[in-house]
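Structure first, then comments.
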Amino acid sequence: MIHDPSVNYYDNPQLKFTGEVPSGKVVWRSPSNIALVKYWGKKPVQLPQNPSISFTLSKSFTETSVEYGKADNEGPEVTFIFGNKPDKIFQQKTGSFFKSLFGIFPFVSQMKFKIRSQNTFPHSAGIASSASGMAALALAVCSIEKEHFGTLSSDEAFYRKASYIARLGSGSAARSTYGGVVIWGKTDAMKGTSDLYGYPVDKWVHHDFLTYRDTILLVDAGQKKVSSRTGHGLMKHNPFARPRFKQAGQHIMQLLQAMNSGDMDTFINITESEALSLHAMMMTSNPYYILMKPNTLNIIERIFDFRKTKNIPVCFTLDAGPNVHLLYPDEHRRQVKYFINNDLQPFLGANGYIDDKVGLGPKKLA
Ligand code: PMV
């Protein structure tokens, strides 16, 4: 087999049970993340066309429990319960994902898994549920390896491998295996970054950003019409793809500098420009599509106004959906809450908003 680091980097035929196949249970809680510089466009296998940087969230998370044991027949045997209901689609997706990991985790082929997973936020609403879900699953499989093979003993090795595995499931998930501020994708702006896994950069950012708030304004919490997978694919023929990848590379350098020095104006400028560039890519794809809703724009206009009149450094970003992430320093949370409740409430859907903030990253619960 050809060695391709994007998929074979961690191949290890030794990770197979020679004696009895153990049973047990592992539970991980993993948060979602919101990108400031966006990953949009990929190359094989699941590598980003440009580096991205994100805040890991706190309240918006997936909790996944994995009960495992010896497969009765040919493994991996997977059952998947999402919320309280068996979910055939997740079951089938997880089964194929596990099969794709046979080179990295040969033991998976000997096992059966009963997975129960739930999110604290609406599924497929442009809040990265695939990021938190894939990160939790990757962390769980790495925990099984660590417990039964005695490998991955340092935190650095453990989380790096989990990030690599999460990336294979969903690109942005590579950033959810760490807390705080995380880069995924190689950039000259930061030593240690890689296209293969996420890299936490808390040490380099001003402490104000580690307590930043993200209030997710739910304009529409329905399922989005065009999946991220399709969106990434459409970048292949987007006439603006090359300049966009270049812009993202420059943005990450400027943003890192601003986050290091605490330069709010530049932070706001780059973050909002990134959100609009992401949606511009959707609008200039073929077929073109629009994920923003009229109330997305109504809210954005109110944010511009509020920032100008009150001189408070709030800004917005968008994920691949209509919901607006309102970002601001913790010290302004009272005034911003007042602004949301008084001026933005009329533009929100039935689910209101999620008052989230930058968080510490995933947690092993069992
Ligand atoms: O990880 P994916 O394939 O779901 O893509 C995520 C893309 C964005 O959320 C729009 C941007 C990002 O970097 O998270």
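Everything numeric in this text was worked out from a predicted model, so none of it was measured.
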Check whether any side-chain heavy atom of [X] lies under 4.5 Å from a side-chain heavy atom of [Y], and answer yes or no.
| X | Y | answer |
| --- | --- | --- |
| Gln49 | Lys236 | no |
| Leu217 | Asn323 | no |
| Phe55 | Val181 | yes |
| Lys112 | Val78 | no |
| Lys186 | Pro51 | no |
| Val358 | Thr56 | no |
| Lys161 | Cys142 | yes |
| Ile183 | Leu256 | yes |

- Look at the aromatic rings of Tyr159 and Trp28 and report parallel, tilted or perpendicular, splitting at 30° and 60°.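 Tyr159 and Trp28: perpendicular rings.
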Indicate whether any N or O donor in one side chain lies under 3.5 Å from an N or O acceptor in the other, for [X] and [Y].
| X | Y | value |
| --- | --- | --- |
| Thr62 | Ser132 | yes |
| His148 | Tyr68 | yes |
| Asp355 | Thr215 | yes |
| Gln46 | Lys42 | yes |
| Thr284 | Asn238 | yes |
| Gln254 | Thr266 | no |
| Ser54 | Arg175 | yes |
| Ser130 | Ser170 | yes |

Please give me the minimum heavy-atom distance between [X] and [Y], naming the atom from each residue.
| X | Y | value |
| --- | --- | --- |
| His206 | Ser261 | CD2-O, 4.0 Å |
| Ala173 | Met134 | CB-CB, 3.7 Å |
| His3 | Asn8 | CE1-O, 3.3 Å |
| Pro329 | Met264 | CG-CE, 4.0 Å |
| Ile165 | Phe97 | O-CZ, 3.5 Å |
| Ser163 | Gly198 | OG-N, 2.7 Å |

- Item | Salt-bridge contact Lys70-Glu20 (side-chain N to carboxylate O under 4.0 Å) |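 Glu20 and Lys70: not salt-bridged.
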- Query: Does Arg333 come within less than 4.0 Å of Asp330, counting only side-chain N to carboxylate O?
  - Reply: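 Between Asp330 and Arg333 there is a salt bridge, with a charged N closer than 4.0 Å to a carboxylate O.
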Are there more than 12 heavy atoms of other residues, nucleotides or ligands under 6.0 Å from atom [atom1] of [X]?
| X | atom1 | result |
| --- | --- | --- |
| Asn342 | CG | yes |
| Gln257 | CD | no |
| Ile290 | CD1 | no |
| Leu365 | CG | yes |

Rounded to the nearest 0.5 Å, how far apart are [atom1] of [X] and [atom2] of [Y]?
| X | Y | atom1 | atom2 | result |
| --- | --- | --- | --- | --- |
| Asp356 | Ile34 | CG | CD1 | 10.5 Å |
| Asp343 | Ile299 | CG | CD1 | 11.0 Å |
| Asn298 | Lys293 | CG | NZ | 13.5 Å |

- Quick one: which residue pairs count as a salt bridge (charged side-chain N to carboxylate O under 4.0 Å, His left out) with a foot in residues 262-278, not counting sequence neighbours?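 Output for this query lists Arg244-Glu274, Glu272-Arg307.
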- Task: Mind running side chain to side chain contact (heavy atoms under 4.5 Å, CB included) on Phe316 and Leu327 for me, showing each step along the way?
- Result: CA-CA 6 Å; Phe316 71 87; Leu327 303 174; over 6 Å; no
- Item | Between Tyr212 and Tyr328, ring centroids under 6.0 Å |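 Distance test on ring centres: not under 6.0 Å, no.
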- Task: Kindly say whether the aromatic ring centers of Phe209 and Phe267 come within a distance under 6.0 Å.
- Result: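 Ring centres of Phe267 and Phe209 closer than 6.0 Å.
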- Do Asn119 and Ser129 pass the side-chain hydrogen bond (donor to acceptor under 3.5 Å, both in side chains) test, and can you show the C-alpha distance, the side-chain angles, and the key distance before you say yes or no? CA-CA 7 Å; Asn119 293 339; Ser129 57; 4.6 Å; no
- Message: Please determine whether residues Leu139 and Leu15 belong to a single hydrophobic cluster, defined as Ile, Leu, Val, Met, Phe, Trp and Tyr linked transitively by side-chain heavy-atom distances below 4.5 Å.
- Response: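 Looking at the clustering, Leu15 is in the same group as Leu139.
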- With sequence neighbours excluded, residues passing ring-ring contact (aromatic ring centres under 6.0 Å, His included) with Phe347: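 Once residues adjacent in sequence are excluded, Phe347 has no partner under the ring-ring contact (aromatic ring centres under 6.0 Å, His included) criterion.
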- Item | ring-ring contact (aromatic ring centres under 6.0 Å, His included) against Phe17, all qualifying residues, sequence neighbours excluded |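 Here the qualifying residues are Phe107, Phe149.
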- From the options Thr193, Val182, Thr187, Ile53, select the one residue that forms a side chain to side chain contact (heavy atoms under 4.5 Å, CB included) with Tyr199.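 Among Thr193, Val182, Thr187, Ile53, the one meeting side chain to side chain contact (heavy atoms under 4.5 Å, CB included) with Tyr199 is Thr193.
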- Write out all pairs satisfying side chain to side chain donor-acceptor pair (under 3.5 Å) with one or both partners inside residues 308-318, taking only residues at least two apart or from two chains.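 Passing the test, one end in residues 308-318: Lys38-Thr317.
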- Query: Tell me the side chain to side chain donor-acceptor pair (under 3.5 Å) pairs involving residues 357-366, sequence neighbours left out?
  - Reply: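 Every pair satisfying side chain to side chain donor-acceptor pair (under 3.5 Å) with a residue in residues 357-366: there are none.
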- Gln335/His332 under side chain to side chain contact (heavy atoms under 4.5 Å, CB included): CA gap, chis, key distance, verdict: CA-CA 6 Å; Gln335 289 126 298; His332 297 296; 3.9 Å; yes
- What pairs meet the ring-ring contact (aromatic ring centres under 6.0 Å, His included) rule with one or both residues in residues 174-197, with sequence neighbours excluded?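 For residues 174-197: Tyr39-Trp184.
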- Item | Steps toward side chain to side chain contact (heavy atoms under 4.5 Å, CB included) verdict (Leu291, Tyr289) | CA-CA 7 Å; Leu291 294 184; Tyr289 60 108; 3.9 Å; yes
